[in-house]
Amino acid sequence: MYVADSRSSKAPVAPAETRPGRREAADGPGAADGPRTGAGRRTAVRAAVPGTVVALGVVSLVTDISSEMVSAVLPLYLLTGLGLSPLGFGLLDGIQNGFSAVVRLLGGHLADRRGRDGASRHKAVAAVGYGLSALCKPLLLLVHTVPLIGAVVAVDRTGKGLRTAPRDAMISLATEPAHRGRAFGVHRAMDTAGALLGPLTAFLVLRLAGGPMLADGGQQQGYHAVFAVSGCVAVLGVLVLLLFVPNRLAGAGPSSDSFDGAEPSDTRPRLRDGLALLRIPGLRRLTVCAVLLGLTTVSDSFLYLLVQRRLGLSVEYFPLLPLGTAGAFLLLAVPLGALADRIGRRRLFLAGHGVLLLAYGLLLSPLDGPAAVVCVLLLHGSFYAATDGVLAAAAADTVPAARRGAGLALVGTGQALARFACSLAFGALWSAVGGTTALTWSALALAGCVTGAAFVLREPAAAPGEPAVAGGPAAPGEPAAPTTDDSEVPS
């Protein structure tokens, strides 16, 4: 029996008038007549973020520490230790990331398929994905040629692709619709904390192992120590998933839908049924906009190169740039997720791309120096905080619970493939006309796509007496609910 099975997997939410005395018990006598303070606010936060979400956040935090430990040293290991060319590494990295995006569709589909007991397989598929990644870390100790290392890293990317959609589906199913933005924000903040700790852990392991950065390709004990510790950390993440994440979620029953009561059309969905979800108007609009905006989103690596060259940053500080973005992401993920629950998730998603456009404009301006670098990184981290988890929360509002994994996978895969295509196009454009001109064209294209996406994602005015729009603020005292248009089940 799993430890998590004895716990509630979904935060109970009900109108205040049906639960007399609940608020007074939390805040003290008379609290219902005034604003919440102290313990009442803490109770509300706990209700908004269920234990399942926190457990999944711990899993992501631990797994990201493991993954980023390897990512921090693998480029140097391949380029200097094994003699791989930069072009070869770029192609290897791009193909693996693209493959991971495609595998995400399979992960979402498998997670939605139900066992004989009628339960979904979100946790099982996620566990396979995390397990594959954990298995790959010690395998790096045994392979010493570029093709074999590429195969191991490809399996690791496969694990990442398999687990992403089931994990996000579990977060959405465990959380009430009105609080999904905050829940995804908490998860993304914990995930980003792991991304910050991973490189630092790798640095400490290298120092403790007594090996230099091995720029001459000689001794490799430092790298092997990083791979071994990374494998142990990854196993810890799998154990947390198995022990503390429930097997069943309250909103994932065979005939349940956490918001619209729609019956799933098939308890054993086929892979092509996932693509049929695009017939849901709300999901189709989100996917199209995510793809268009992804096609004009310059990759992190290119943006950091532009920061270094345009703003005159010393080369020795270049490795610290990702930490600046991750730090801003970590600090802003939770408050912006909560803001999305209040003002509307689609609105904040578009506003996040507007913030990215400001970062591009600052890079193209005559400003330079440390202050400009800090501002660009803050804007870049704010962009991720306003879009990453918020997009998943907005997509969850449009998809029935029985197809949640496949629906989230569609949106995520479309966005990932679009960003991969943007990286290839931006690299070719940089080679042809230079980085500044390429960024100028990308900024203009992004401005046009944001304008178009604002038109596509506009929220129709609800008729009197109709429920609030999905992702937007609900009427006072009532939970947020999606429109019928956005939650229609494909026939």
Side-chain angles (χ1 to χ4, degrees), residues 55-56 58-84 88-89 92-93 95-97 99-100 103-104 106-107 123-164 166-167 190-191 193-215 217-245:
L56 288 169
V58 173
V59 174
S60 292
L61 186 153
V62 174
T63 302
D64 252 35
I65 292 176
S66 171
S67 298
E68 293 302 323
M69 285 179 65
V70 174
S71 297
V73 301
L74 191 61
L76 193 63
Y77 179 61
L78 291 174
L79 295 175
T80 64
L82 300 181
L84 184 66
F89 177 77
L92 180 66
D93 183 66
I95 292 173
Q96 289 162 355
N97 287 329
F99 185 68
S100 173
V103 172
R104 187 179 304 185
L106 179 62
K123 178 178 176 179
V125 175
V128 171
Y130 282 109
L132 282 176
S133 296
L135 178 65
C136 288
K137 304 306 187 300
L139 287 180
L140 290 172
L141 297 169
L142 306 177
V143 296
H144 302 92
T145 63
V146 172
L148 291 177
I149 290 178
V152 170
V153 175
V155 174
D156 176 75
R157 296 293 89 188
T158 300
K160 179 177 177 60
L162 285 175
R163 69 181 182 249
T164 300
R167 180 203 65 202
M190 298 177 74
D191 184 85
L196 281 169
L197 293 173
L200 298 177
T201 305
F203 175 78
L204 292 176
V205 171
L206 284 172
R207 295 295 299 268
L208 293 174
M213 290 304 291
L214 312 179
Q219 297 177 341
Q220 297 181 355
Q221 70 270 18
Y223 291 125
H224 288 174
V226 171
F227 298 153
V229 173
S230 174
C232 295
V233 174
V235 170
L236 177 62
V238 176
L239 290 176
V240 173
L241 175 69
L242 295 176
L243 293 176
F244 295 100
V245 175

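Basis for what follows: all heavy atoms, side chains included, without hydrogens, waters or symmetry-related copies.
Between atom CG of residue L142 and atom NE2 of residue H224 there is a gap of 9.0 Å, rounded to the nearest 0.5 Å. Distance NZ/K160 to CG/D64: 6.5 Å, rounded to 0.5 Å. In this structure, CZ on R104 lies 12.5 Å from OG1 on T158, to the nearest 0.5 angstrom.
With S71 contributing its side chain and S67 its backbone, the two residues share a donor-acceptor pair below 3.5 Å.
Within the 4.5 Å cutoff, the side chain of T201 has heavy atoms near those of the V205 side chain. A 4.5 Å side-chain heavy-atom check between V58 and F244 finds every atom pair outside the cut-off.
In this structure, the side-chain contact (heavy atoms from CB on, under 4.5 Å) partners of L148, at least two apart in sequence or on a different chain, are V143, T145.
Of the candidates V235, L242, L241, L242 is the only one forming a side chain to side chain contact (heavy atoms under 4.5 Å, CB included) with V238.
Listed here is the closest heavy atom pair of V226 and A202: CG2-O, 4.0 Å. The two residues P166 and V125 have their closest heavy-atom pair at CG-CG1, 3.7 Å. Of all heavy-atom pairs spanning V240 and A55, the tightest one is CG1-O, 4.1 Å. Closest heavy-atom contact between S230 and M69: N-CE, 4.0 Å. Across all their heavy atoms, A193 and L61 have their closest contact at CB-CD1, 4.0 Å.
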Less than 3.5 Å apart, which donor and acceptor atoms pair up between the side chains of residues 131-141 and the rest of the protein, not counting sequence neighbours?
residue : atom : partner : partner atom : Å
S133    : OG   : G129    : O            : 3.4
S133    : OG   : D156    : O            : 3.3
S133    : OG   : D156    : OD1          : 3.3
S133    : OG   : R163    : NH1          : 2.7
K137    : NZ   : S133    : O            : 3.0
K137    : NZ   : D156    : OD1          : 3.1

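The aromatic rings of F227 and Y223 sit parallel to each other, their planes meeting at less than 30°, with 60° as the upper class boundary.
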Given V229 and V233, is the side chain to side chain contact (heavy atoms under 4.5 Å, CB included) satisfied, shown in steps? CA-CA 6 Å; V229 173; V233 174; 4.3 Å; yes
